[in-house]
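Indexing begins at 1, ligand by ligand and atom by atom, following the structure's order. Counting begins at 1 with the first residue of the sequence.
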Amino acid sequence: MDKEYFLTKVLSCWSSFIRRVVFCVLRVGPIPTHIAVIMDGNRRYAKRKLLEEGAGHDAGAMALLKLIIYCYELGVKYITAYAFSIDNFRRKPSEVQKIMDLLKECMTVLAKIAKHHPIKVNFTGNLELLNAELRDEACKLMGATAEYSKFVVTICVCYCCTDDIVHSVEESCREKCYYHSYIGDSHDDDKDDDDKDDERHMINLVDIEKNMYMAVTPDPDILIRTSDKHRLSNFLQWQTCHSLLASFSTDWPEIGVWHLVKVVIDFQQNYDYFVRKRLQQL
Ligand SMILES: CC(C)=CCC/C(C)=C/CC/C(C)=C/COP(=O)(O)OP(=O)(O)O
(Lines give C-alpha, C1' and ligand atoms only; values in the text may rest on other atoms or scores of the structure.)
Protein backbone atom coordinates (compact mmCIF):
# COMPACT_ATOMS: atom_id res chain seq x y z
CA MET A 1 0.00 0.00 0.00
CA ASP A 2 1.20 3.53 -0.74
CA LYS A 3 2.61 4.77 2.58
CA GLU A 4 1.83 8.44 1.97
CA TYR A 5 -1.79 7.73 1.09
CA PHE A 6 -2.14 5.57 4.18
CA LEU A 7 -0.61 8.21 6.45
CA THR A 8 -2.99 10.86 5.09
CA LYS A 9 -5.81 8.52 6.13
CA VAL A 10 -4.28 8.13 9.62
CA LEU A 11 -4.31 11.88 10.03
CA SER A 12 -7.77 12.54 8.67
CA CYS A 13 -9.97 9.59 9.62
CA TRP A 14 -12.71 9.56 12.26
CA SER A 15 -10.51 7.70 14.77
CA SER A 16 -8.13 10.65 14.72
CA PHE A 17 -10.84 12.69 16.49
CA ILE A 18 -11.10 10.11 19.31
CA ARG A 19 -7.30 9.95 19.46
CA ARG A 20 -7.01 13.70 19.85
CA VAL A 21 -9.58 13.69 22.66
CA VAL A 22 -7.69 10.88 24.47
CA PHE A 23 -4.40 12.74 23.99
CA CYS A 24 -5.94 15.92 25.44
CA VAL A 25 -6.91 13.95 28.55
CA LEU A 26 -3.39 12.43 28.79
CA ARG A 27 -1.82 15.86 28.50
CA VAL A 28 -3.40 16.81 31.82
CA GLY A 29 -0.57 14.72 33.30
CA PRO A 30 3.15 14.69 32.43
CA ILE A 31 4.08 13.45 28.94
CA PRO A 32 7.32 11.46 28.44
CA THR A 33 10.04 13.41 26.69
CA HIS A 34 11.60 10.48 24.87
CA ILE A 35 10.24 7.09 23.76
CA ALA A 36 12.53 4.44 22.23
CA VAL A 37 11.30 1.32 20.43
CA ILE A 38 12.64 -2.14 19.55
CA MET A 39 10.48 -3.25 16.63
CA ASP A 40 10.39 -6.98 17.11
CA GLY A 41 8.12 -9.59 15.48
CA ASN A 42 7.90 -8.43 11.87
CA ARG A 43 8.71 -11.83 10.37
CA ARG A 44 6.47 -13.62 12.88
CA TYR A 45 3.63 -11.28 11.92
CA ALA A 46 4.12 -12.12 8.24
CA LYS A 47 4.22 -15.84 9.02
CA ARG A 48 1.09 -15.69 11.16
CA LYS A 49 -0.78 -13.77 8.47
CA LEU A 50 0.53 -16.13 5.75
CA LEU A 51 2.27 -13.25 3.98
CA GLU A 52 5.66 -13.29 2.34
CA GLU A 53 8.46 -12.41 4.76
CA GLY A 54 9.15 -8.91 3.41
CA ALA A 55 5.52 -7.94 3.94
CA GLY A 56 6.13 -8.11 7.70
CA HIS A 57 8.84 -5.47 7.44
CA ASP A 58 6.64 -3.37 5.17
CA ALA A 59 3.88 -3.42 7.76
CA GLY A 60 6.50 -2.73 10.46
CA ALA A 61 7.74 0.39 8.68
CA MET A 62 4.16 1.61 8.39
CA ALA A 63 3.56 0.98 12.10
CA LEU A 64 6.66 3.04 12.90
CA LEU A 65 5.54 5.96 10.74
CA LYS A 66 2.12 5.90 12.41
CA LEU A 67 3.66 5.82 15.89
CA ILE A 68 5.86 8.78 14.94
CA ILE A 69 2.73 10.75 14.02
CA TYR A 70 0.97 9.75 17.26
CA CYS A 71 3.97 10.80 19.35
CA TYR A 72 4.13 14.11 17.51
CA GLU A 73 0.42 14.74 18.15
CA LEU A 74 0.72 13.76 21.80
CA GLY A 75 3.64 16.10 22.49
CA VAL A 76 6.45 13.56 22.97
CA LYS A 77 9.64 15.36 21.96
CA TYR A 78 11.91 12.49 20.89
CA ILE A 79 11.24 9.08 19.36
CA THR A 80 14.07 6.65 18.63
CA ALA A 81 13.73 3.39 16.66
CA TYR A 82 16.11 0.44 16.39
CA ALA A 83 15.80 -0.11 12.64
CA PHE A 84 18.89 -2.17 11.92
CA SER A 85 21.60 -3.53 14.21
CA ILE A 86 25.15 -4.31 13.15
CA ASP A 87 24.32 -7.99 13.83
CA ASN A 88 21.43 -7.78 11.33
CA PHE A 89 24.03 -7.79 8.52
CA ARG A 90 24.24 -11.56 9.20
CA ARG A 91 20.67 -12.03 7.92
CA LYS A 92 19.83 -13.25 4.41
CA PRO A 93 21.02 -10.71 1.79
CA SER A 94 17.45 -10.40 0.46
CA GLU A 95 16.18 -9.44 3.92
CA VAL A 96 19.00 -6.94 4.47
CA GLN A 97 18.22 -5.42 1.08
CA LYS A 98 14.50 -5.25 1.94
CA ILE A 99 15.21 -3.30 5.15
CA MET A 100 17.61 -0.97 3.30
CA ASP A 101 14.93 -0.33 0.65
CA LEU A 102 12.43 0.43 3.40
CA LEU A 103 14.90 2.76 5.04
CA LYS A 104 15.12 4.71 1.79
CA GLU A 105 11.33 4.76 1.48
CA CYS A 106 10.97 5.99 5.07
CA MET A 107 13.50 8.76 4.35
CA THR A 108 11.34 9.95 1.44
CA VAL A 109 8.17 9.92 3.57
CA LEU A 110 9.89 11.66 6.52
CA ALA A 111 11.34 14.30 4.17
CA LYS A 112 7.81 15.03 2.90
CA ILE A 113 6.38 15.19 6.43
CA ALA A 114 9.25 17.53 7.42
CA LYS A 115 8.20 19.95 4.67
CA HIS A 116 4.98 20.67 6.58
CA HIS A 117 5.95 19.93 10.19
CA PRO A 118 9.09 20.95 12.13
CA ILE A 119 10.54 17.43 12.43
CA LYS A 120 14.25 16.85 12.84
CA VAL A 121 15.48 13.47 11.56
CA ASN A 122 18.69 11.85 12.85
CA PHE A 123 20.30 8.67 11.59
CA THR A 124 22.63 7.34 14.18
CA GLY A 125 25.00 4.41 14.41
CA ASN A 126 28.04 3.43 12.37
CA LEU A 127 26.81 5.03 9.13
CA GLU A 128 30.09 4.07 7.43
CA LEU A 129 28.57 0.57 7.14
CA LEU A 130 25.69 1.84 4.98
CA ASN A 131 26.07 1.89 1.23
CA ALA A 132 27.23 5.26 -0.11
CA GLU A 133 23.91 6.17 -1.75
CA LEU A 134 21.88 5.55 1.38
CA ARG A 135 24.44 7.35 3.55
CA ASP A 136 24.26 10.41 1.26
CA GLU A 137 20.45 10.38 1.43
CA ALA A 138 20.60 10.12 5.22
CA CYS A 139 23.07 13.01 5.46
CA LYS A 140 20.93 15.11 3.11
CA LEU A 141 17.81 14.56 5.23
CA MET A 142 19.71 15.27 8.46
CA GLY A 143 21.08 18.49 6.93
CA ALA A 144 17.66 19.57 5.64
CA THR A 145 15.98 19.09 9.04
CA ALA A 146 18.89 20.09 11.31
CA GLU A 147 17.33 23.44 12.22
CA TYR A 148 14.19 21.92 13.74
CA SER A 149 13.97 21.06 17.41
CA LYS A 150 10.27 20.70 18.28
CA PHE A 151 10.19 16.97 17.52
CA VAL A 152 13.18 14.70 16.87
CA VAL A 153 13.01 11.30 15.15
CA THR A 154 16.16 9.20 15.53
CA ILE A 155 16.56 6.10 13.39
CA CYS A 156 19.33 3.81 14.67
CA VAL A 157 20.94 2.01 11.73
CA CYS A 158 24.07 -0.14 11.86
CA TYR A 159 23.77 0.50 15.58
CA CYS A 160 24.74 -1.56 18.62
CA CYS A 161 25.18 -0.02 22.04
CA THR A 162 28.48 -1.85 22.65
CA ASP A 163 29.77 -0.43 19.35
CA ASP A 164 28.56 3.02 20.47
CA ILE A 165 30.50 2.70 23.75
CA VAL A 166 33.70 1.53 22.00
CA HIS A 167 33.40 4.31 19.41
CA SER A 168 32.89 6.86 22.17
CA VAL A 169 35.88 5.67 24.21
CA GLU A 170 38.04 5.80 21.06
CA GLU A 171 36.86 9.34 20.30
CA SER A 172 37.47 10.42 23.90
CA CYS A 173 41.01 8.95 23.82
CA ARG A 174 41.70 10.74 20.54
CA GLU A 175 40.58 14.05 22.06
CA LYS A 176 42.68 13.54 25.20
CA CYS A 177 45.74 12.42 23.20
CA TYR A 178 45.34 15.49 21.06
CA TYR A 179 45.20 17.62 24.20
CA HIS A 180 48.21 15.75 25.58
CA SER A 181 50.35 16.24 22.46
CA TYR A 182 49.16 19.84 21.99
CA ILE A 183 49.80 20.99 25.59
CA GLY A 184 52.76 18.66 26.13
CA ASP A 185 53.86 17.05 29.38
CA SER A 186 54.56 19.37 32.25
CA HIS A 187 58.15 18.95 33.30
CA ASP A 188 58.17 21.12 36.37
CA ASP A 189 58.38 19.57 39.81
CA ASP A 190 55.12 21.00 41.10
CA LYS A 191 53.04 17.96 42.21
CA ASP A 192 49.74 19.89 42.25
CA ASP A 193 50.22 20.89 38.63
CA ASP A 194 51.08 17.29 37.72
CA ASP A 195 47.91 16.04 39.44
CA LYS A 196 45.77 18.57 37.59
CA ASP A 197 47.48 17.54 34.35
CA ASP A 198 46.71 13.86 35.04
CA GLU A 199 43.05 14.69 35.67
CA ARG A 200 42.86 16.49 32.35
CA HIS A 201 44.20 13.41 30.56
CA MET A 202 41.72 11.06 32.19
CA ILE A 203 38.54 10.07 30.38
CA ASN A 204 35.43 10.72 32.43
CA LEU A 205 31.68 10.16 32.16
CA VAL A 206 31.10 13.53 30.49
CA ASP A 207 33.59 12.62 27.71
CA ILE A 208 32.00 9.23 27.12
CA GLU A 209 28.43 10.55 27.01
CA LYS A 210 29.36 13.50 24.81
CA ASN A 211 31.01 11.27 22.22
CA MET A 212 28.30 8.62 21.95
CA TYR A 213 26.28 8.38 18.74
CA MET A 214 23.22 8.69 20.98
CA ALA A 215 24.38 12.05 22.37
CA VAL A 216 21.87 13.53 19.88
CA THR A 217 19.03 12.80 22.33
CA PRO A 218 18.44 12.73 26.10
CA ASP A 219 18.08 9.27 27.67
CA PRO A 220 14.70 7.64 26.94
CA ASP A 221 11.96 7.76 29.56
CA ILE A 222 10.37 4.65 28.07
CA LEU A 223 11.69 1.73 26.04
CA ILE A 224 9.02 -0.32 24.24
CA ARG A 225 9.74 -3.81 22.94
CA THR A 226 7.15 -5.89 21.14
CA SER A 227 6.59 -9.57 20.44
CA ASP A 228 6.82 -10.71 24.06
CA LYS A 229 10.58 -10.32 24.31
CA HIS A 230 12.13 -8.92 27.46
CA ARG A 231 15.72 -8.32 26.29
CA LEU A 232 17.57 -5.17 25.27
CA SER A 233 19.45 -6.89 22.41
CA ASN A 234 22.35 -4.44 22.53
CA PHE A 235 20.07 -1.40 22.17
CA LEU A 236 20.67 1.64 24.42
CA GLN A 237 21.69 -0.39 27.49
CA TRP A 238 23.85 2.57 28.55
CA GLN A 239 21.00 5.06 28.10
CA THR A 240 18.13 3.03 29.59
CA CYS A 241 19.41 2.39 33.12
CA HIS A 242 16.55 4.53 34.53
CA SER A 243 13.98 4.00 31.76
CA LEU A 244 10.60 2.38 32.11
CA LEU A 245 10.63 -0.89 30.15
CA ALA A 246 7.39 -1.83 28.41
CA SER A 247 7.05 -5.21 26.75
CA PHE A 248 3.98 -6.06 24.66
CA SER A 249 3.04 -9.49 23.33
CA THR A 250 1.82 -7.80 20.13
CA ASP A 251 4.07 -8.14 17.08
CA TRP A 252 5.50 -4.78 16.02
CA PRO A 253 3.30 -4.26 12.90
CA GLU A 254 0.24 -4.39 15.18
CA ILE A 255 1.42 -1.78 17.65
CA GLY A 256 -1.11 1.01 17.82
CA VAL A 257 -2.32 4.06 19.61
CA TRP A 258 -3.65 2.12 22.64
CA HIS A 259 -0.19 0.70 23.37
CA LEU A 260 1.10 4.26 23.41
CA VAL A 261 -1.71 5.33 25.73
CA LYS A 262 -0.90 2.44 28.10
CA VAL A 263 2.82 3.26 28.36
CA VAL A 264 2.09 6.93 28.92
CA ILE A 265 -0.29 6.04 31.78
CA ASP A 266 2.44 3.76 33.26
CA PHE A 267 4.89 6.63 32.94
CA GLN A 268 2.51 9.01 34.70
CA GLN A 269 2.02 6.50 37.54
CA ASN A 270 5.82 6.27 37.95
CA TYR A 271 6.49 9.94 37.41
CA ASP A 272 7.82 10.62 40.93
CA TYR A 273 10.68 8.19 40.23
CA PHE A 274 11.66 10.06 37.04
CA VAL A 275 11.56 13.43 38.81
CA ARG A 276 13.80 12.06 41.61
CA LYS A 277 16.28 10.59 39.10
CA ARG A 278 16.45 13.82 37.13
CA LEU A 279 17.07 15.86 40.29
CA GLN A 280 19.88 13.45 41.29
CA GLN A 281 21.52 13.95 37.89
CA LEU A 282 21.62 17.76 38.25
C1 LIG B 1 12.81 2.87 9.52
C2 LIG B 1 12.89 1.50 8.97
C3 LIG B 1 13.90 1.18 7.99
C4 LIG B 1 12.05 0.54 9.31
C5 LIG B 1 12.22 -0.76 8.68
C6 LIG B 1 11.28 -1.76 9.03
C7 LIG B 1 11.54 -2.46 10.28
C8 LIG B 1 10.32 -2.66 11.07
C9 LIG B 1 12.77 -2.85 10.64
C10 LIG B 1 13.03 -3.64 11.88
C11 LIG B 1 14.20 -4.53 11.66
C12 LIG B 1 14.26 -5.69 12.52
C13 LIG B 1 15.47 -6.49 12.31
C14 LIG B 1 13.30 -6.02 13.42
C15 LIG B 1 13.24 -7.25 14.22
O16 LIG B 1 12.11 -8.02 13.82
P17 LIG B 1 12.35 -9.30 12.96
O18 LIG B 1 12.39 -8.89 11.55
O19 LIG B 1 13.58 -9.97 13.47
O20 LIG B 1 11.12 -10.23 13.15
P21 LIG B 1 11.03 -11.51 14.12
O22 LIG B 1 11.33 -11.01 15.50
O23 LIG B 1 9.64 -11.98 13.94
O24 LIG B 1 12.03 -12.51 13.63
Side-chain angles (χ1 to χ4, degrees), residues 1 3-4 6-7 35-72 78-114 119-127 129-131 133-135 137-138 140-142 145 151-161 163 216-217 223-236 247-256 259:
M1 185 190 290
K3 289 191 177 53
E4 274 175 71
F6 188 84
L7 288 172
I35 297 182
V37 295
I38 302 180
M39 307 182 280
D40 210 11
N42 302 287
R43 291 182 298 188
R44 268 165 286 173
Y45 167 84
K47 211 169 175 181
R48 193 162 42 81
K49 297 273 176 180
L50 306 177
L51 302 169
E52 58 178 71
E53 202 174 83
H57 287 106
D58 253 326
M62 186 65 84
L64 174 63
L65 291 168
K66 277 197 284 175
L67 191 73
I68 289 173
I69 291 175
Y70 299 155
C71 286
Y72 178 75
Y78 298 87
I79 175 160
T80 297
Y82 200 12
F84 193 81
S85 78
I86 294 177
D87 290 342
N88 288 151
F89 276 114
R90 287 202 218 111
R91 294 194 175 194
K92 278 187 301 191
S94 60
E95 193 188 334
V96 173
Q97 189 55 48
K98 173 75 196 176
I99 297 176
M100 294 301 159
D101 291 347
L102 275 173
L103 186 60
K104 193 162 176 205
E105 227 184 297
C106 286
M107 284 182 198
T108 311
V109 176
L110 288 170
K112 286 193 178 156
I113 295 178
I119 294 182
K120 175 177 184 163
V121 186
N122 290 321
F123 293 89
T124 193
N126 188 348
L127 301 186
L129 301 177
L130 280 181
N131 79 38
E133 189 199 339
L134 218 47
R135 193 170 50 245
E137 291 286 325
K140 242 192 265 169
L141 184 52
M142 286 196 279
T145 60
F151 182 63
V152 181
V153 176
T154 301
I155 309 283
C156 297
V157 272
C158 311
Y159 180 86
C160 280
C161 193
D163 181 62
V216 289
T217 68
L223 174 68
I224 299 176
R225 180 161 194 169
T226 49
S227 205
D228 220 8
K229 292 282 181 293
H230 305 261
R231 313 183 280 263
L232 292 180
S233 299
N234 212 345
F235 184 54
L236 308 187
S247 175
F248 293 110
S249 55
T250 322
D251 288 328
W252 174 259
E254 288 174 323
I255 187 116
H259 297 95

Mind jotting down which residue pairs meet the salt bridge (charged side-chain N to carboxylate O under 4.0 Å, His left out) criterion with at least one end in residues 86-95? Sequence neighbours excluded, please.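 Applying salt bridge (charged side-chain N to carboxylate O under 4.0 Å, His left out) to every pair that reaches into residues 86-95, excluding sequence neighbours, yields Arg43-Glu95, Glu53-Lys92, Asp87-Arg90, Arg91-Glu95.
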Hey, what's the ring geometry for Phe151 with Tyr72, parallel, tilted or perpendicular (30° and 60° as the breaks)?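 Rings of Phe151 and Tyr72: perpendicular, over 60°.
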Check: Asn131 and Met100 side chains under 4.5 Å, non-hydrogen atoms: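 Of all side-chain heavy-atom pairs linking Asn131 with Met100, none is under 4.5 Å.
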Find all protein N or O atoms under 3.5 angstrom from an N or O atom of ligand 1 and list the pairs with distances, or write 'none'.
{"from": "ligand 1", "atom 1": "16 (O)", "to": "Met39", "atom 2": "O", "distance (Å)": "3.4"}
{"from": "ligand 1", "atom 1": "16 (O)", "to": "Asn42", "atom 2": "ND2", "distance (Å)": "3.1"}
{"from": "ligand 1", "atom 1": "18 (O)", "to": "His57", "atom 2": "NE2", "distance (Å)": "2.7"}
{"from": "ligand 1", "atom 1": "18 (O)", "to": "Arg91", "atom 2": "NH1", "distance (Å)": "3.2"}
{"from": "ligand 1", "atom 1": "19 (O)", "to": "Arg91", "atom 2": "NH1", "distance (Å)": "2.9"}
{"from": "ligand 1", "atom 1": "19 (O)", "to": "Arg91", "atom 2": "NH2", "distance (Å)": "2.7"}
{"from": "ligand 1", "atom 1": "20 (O)", "to": "Asn42", "atom 2": "N", "distance (Å)": "3.1"}
{"from": "ligand 1", "atom 1": "20 (O)", "to": "Arg43", "atom 2": "N", "distance (Å)": "3.1"}
{"from": "ligand 1", "atom 1": "22 (O)", "to": "Asp40", "atom 2": "OD1", "distance (Å)": "2.7"}
{"from": "ligand 1", "atom 1": "22 (O)", "to": "Gly41", "atom 2": "N", "distance (Å)": "3.1"}
{"from": "ligand 1", "atom 1": "22 (O)", "to": "Arg44", "atom 2": "NH2", "distance (Å)": "2.6"}
{"from": "ligand 1", "atom 1": "23 (O)", "to": "Arg43", "atom 2": "N", "distance (Å)": "3.2"}
{"from": "ligand 1", "atom 1": "23 (O)", "to": "Arg44", "atom 2": "N", "distance (Å)": "2.8"}
{"from": "ligand 1", "atom 1": "23 (O)", "to": "Arg44", "atom 2": "NE", "distance (Å)": "3.0"}
{"from": "ligand 1", "atom 1": "24 (O)", "to": "Arg43", "atom 2": "NE", "distance (Å)": "2.8"}
{"from": "ligand 1", "atom 1": "24 (O)", "to": "Arg43", "atom 2": "NH2", "distance (Å)": "3.0"}

Who pairs with His259 by ring-ring contact (aromatic ring centres under 6.0 Å, His included), at least two apart in sequence or on another chain?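 Phe248.
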One pair to check against salt bridge (Lys or Arg N to Asp or Glu O under 4.0 Å): Glu52 and Lys98. What are the steps and the verdict? CA-CA 12 Å; Glu52 58 178 71; Lys98 173 75 196 176; over 6 Å; no
Who passes side chain to side chain contact (heavy atoms under 4.5 Å, CB included) against Lys229, sequence neighbours left out?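 Side chain to side chain contact (heavy atoms under 4.5 Å, CB included) check on Lys229 returns Asp40, Arg44, Arg225, Arg231.
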